[in-house]
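One structure is given below, represented as structure tokens, and several questions about it will come after.
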Amino acid sequence: MTGPHPSVAAVRNAVRQALDGCDIGTRVWVACSGGPDSLALAAATGYVGRKEGYLTGAIIVDHGLQADSAAVAERAAAEVRRAGIHTVFVEKVVVGREGGLEAAARNARYLALNNRIDAEGGLNPHLLTGHTMDDQAETVLLALARGSGARALSGIPARRGRIVRPLLSLRRKDTVAACQALGLDPWHDPTNSHPEGPKRSQLRTKVMPALVDVLGPGVVSGLARSAALLQADADELDRQARSAMGAAPSQNDDEWRCDMLAALPDAIRSRMIKMLAENRGAGPLTAAHVVAVDQLITDFRGQGAVSLPGGYEARREYGRLVIASPSNRSKE
């Protein structure tokens, strides 16, 4: 066979397309766990970086959640260097428990990644992550199970700020094949295949295989395609909500007329409520918070204030929605 293995070529092309338009000297970081997805991504990024003149590096986060986590992190660093990236940092973090272990680990991970990127500086830094189409399908199913709205159902965005996810169009099997073709030895997290592990692991080992058996192999790409369609819809609804928020006259920065809010379409008003509250410092709001605040606007029957995360509350006063901390309650 001439040329690279098809899976190697596919991952390289995905990275090349994701970075298309970047200037020579752009700093490109890969968030790498040492697993097949991020390791294949690191190899492709190193290759594309050498061809296009990007400055590449990798950041490995040691969450300290397993007894051998330090050894796993060092092993990942060694494989990343074998894959062709020689600027490698291992960041050790302390994971709390607020919001659940998975969420706390994710928050600690991205904080460490961004801190390292900021510390190193460089031209227009990008952070690449190894999320694949399989991850996207799993994310959509989890959002469905929670009864989430269009934004959550739109799944993992291909871009958000400096974060870029080149592999959302590729399957997990492609990254595994790419590592095999390149002679790389990825680490396989035992919790990912444990039938009694975290919810996402159980979804991966139990639910997705069952869906494929019943609905066929196209179910993964179908879920990912639905996410892409919903992403466009959610972006447009968010744009309309921001426009409505900017046009809504208010007496103060934390007050909005309920009659004007009630006249908005439900899909716009619910997004506007979330944006208004989170802009004030409350949040993140859940669907239950949004519904309760919406009832102050559209179905007010004298109910009291709605408690919001961050020590804030939403209340109705003289026909206006007020979002503020309880200490700022106006004198009645």
Side-chain angles (χ1 to χ4, degrees), residues 15 18-19 22 26-46 49 54-132 135 138-139 156-168 175 184 186-192 197-201 278 283-284 309-310:
V15 171
L19 297 176
C22 289
T26 294
R27 175 71 80 174
V28 181
W29 296 96
V30 178
C32 190
S33 67
D37 299 339
S38 60
L39 192 55
L41 176 63
T45 303
Y54 305 139
L55 302 178
T56 60
I59 307 171
I60 297 159
V61 178
D62 175 8
H63 297 86
L65 296 176
Q66 299 173 2
D68 60 345
S69 65
V72 169
E74 289 303 326
R75 180 183 186 276
E79 286 299 312
V80 167
R81 293 186 181 98
R82 287 187 61 222
I85 292 182
H86 302 290
T87 301
V88 183
F89 292 94
V90 175
E91 304 292 327
K92 187 172 180 59
V93 300
V94 177
V95 178
R97 292 297 188 270
E98 185 176 355
L101 183 60
E102 288 185 69
R106 181 174 61 251
N107 292 337
R109 177 167 62 254
Y110 277 102
L111 178 60
L113 291 167
N114 282 305
N115 284 345
R116 171 52 65 183
I117 291 171
D118 291 339
E120 295 302 310
L123 175 65
N124 189 24
H126 288 58
L127 174 64
L128 310 190
T129 72
H131 295 91
T132 66
D135 295 307
E138 292 160 8
T139 299
I156 309 168
R159 292 178 180 270
R160 177 175 289 165
R162 63 173 47 156
I163 301 174
V164 183
R165 300 179 174 96
L167 306 186
L168 289 177
T175 64
L184 299 173
W187 175 67
H188 295 276
D189 186 346
T191 64
N192 285 340
K199 286 184 180 179
R200 184 177 285 271
S201 299
E278 294 180 356

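Any value given below was found using the heavy atoms of this structure, including those in side chains, with hydrogens, waters and symmetry copies removed.
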Exercise. Under the salt bridge (Lys or Arg N to Asp or Glu O under 4.0 Å) criterion, do Arg165 and Asp37 qualify, and how do the steps go?
Worked result: CA-CA 11 Å; Arg165 300 179 174 96; Asp37 299 339; over 6 Å; no
Problem set entry | Any donor-acceptor pair under 3.5 Å from Arg109 side chain to His63 backbone |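 Absent.
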Exercise. Do Glu102 and Arg106 meet the salt-bridge criterion of a basic N to acidic O distance under 4.0 Å?
Worked result: no
Exercise. CD/Glu79 to SG/Cys32 distance, rounded to the nearest 0.5 angstrom?
Worked result: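 SG of Cys32 is found 9.5 Å from CD of Glu79.
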For this session: Would you give the length of the straight line joining atom CZ of Arg200 to atom OG1 of Thr139, rounded to the nearest 0.5 angstrom?
Result: 3.5 Å
For this session: Return the minimal non-hydrogen interatomic distance between Ile117 and Pro125, and the atom names on each side.
Result: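 Shortest heavy-atom contact: CG2-CB, 3.6 Å.
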Exercise. Which distance, rounded to the nearest 0.5 Å, do you find between the CZ of Arg159 and the NE2 of His126?
Worked result: 5.5 Å
Problem set entry | Minimum heavy-atom distance Pro284-Pro309, with the two atoms named |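 Residues Pro284 and Pro309, closest heavy atoms: O-CG, 3.5 Å.
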For this session: Check whether any side-chain N or O of Asp135 sits under 3.5 Å from a backbone N or O of Thr132 as a donor-acceptor pair, and report yes or no.
Result: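 Yes: the side chain of Asp135 pairs with the backbone of Thr132.
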For this session: Take Arg116 and Glu120 through the salt bridge (Lys or Arg N to Asp or Glu O under 4.0 Å) test and state the conclusion after the steps.
Result: CA-CA 6 Å; Arg116 171 52 65 183; Glu120 295 302 310; 2.7 Å; yes
Problem set entry | With Val15, the side chain to side chain contact (heavy atoms under 4.5 Å, CB included) member among Val164, Val28, Leu41 | Leu41
Problem set entry | Contact summary for Ala108 and Val93, nearest pair of heavy atoms | O-CG1, 3.9 Å
Exercise. Which residue, Ile163, Thr129, Thr87, forms the side chain to side chain contact (heavy atoms under 4.5 Å, CB included) with Trp29?
Worked result: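 Result for side chain to side chain contact (heavy atoms under 4.5 Å, CB included) with Trp29: Thr87.
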For this session: Considering non-hydrogen atoms only, spot the tightest contact between Val88 and Ala77 and give its length.
Result: CG1-CB, 3.8 Å
Exercise. Are the side chain of Thr175 and the backbone N or O of Ala40 linked by a donor-acceptor pair below 3.5 Å?
Worked result: no
Problem set entry | NZ/NE/NH1/NH2 to OD/OE distance under 4.0 Å, Asp118 and Arg162 | yes
For this session: Might you point out which heavy atoms bring Ala76 and Gly34 nearest each other, and give the distance in Å?
Result: CB-CA, 3.7 Å
Problem set entry | Side chain proximity check, Trp187 to Leu39, heavy atoms < 4.5 angstrom | no
Exercise. Can you name the closest pair of heavy atoms from Ser38 and Ser33 and give their distance?
Worked result: OG-N, 3.0 Å
Problem set entry | Minimum side-chain heavy-atom gap Arg27-Leu123 below 4.5 Å | no
Problem set entry | Non-hydrogen side-chain atoms of Glu91 and Leu113 separated by less than 4.5 Å | no
Problem set entry | side-chain contact (heavy atoms from CB on, under 4.5 Å) assessment of Thr26 paired with Leu19 | CA-CA 9 Å; Thr26 294; Leu19 297 176; over 6 Å; no
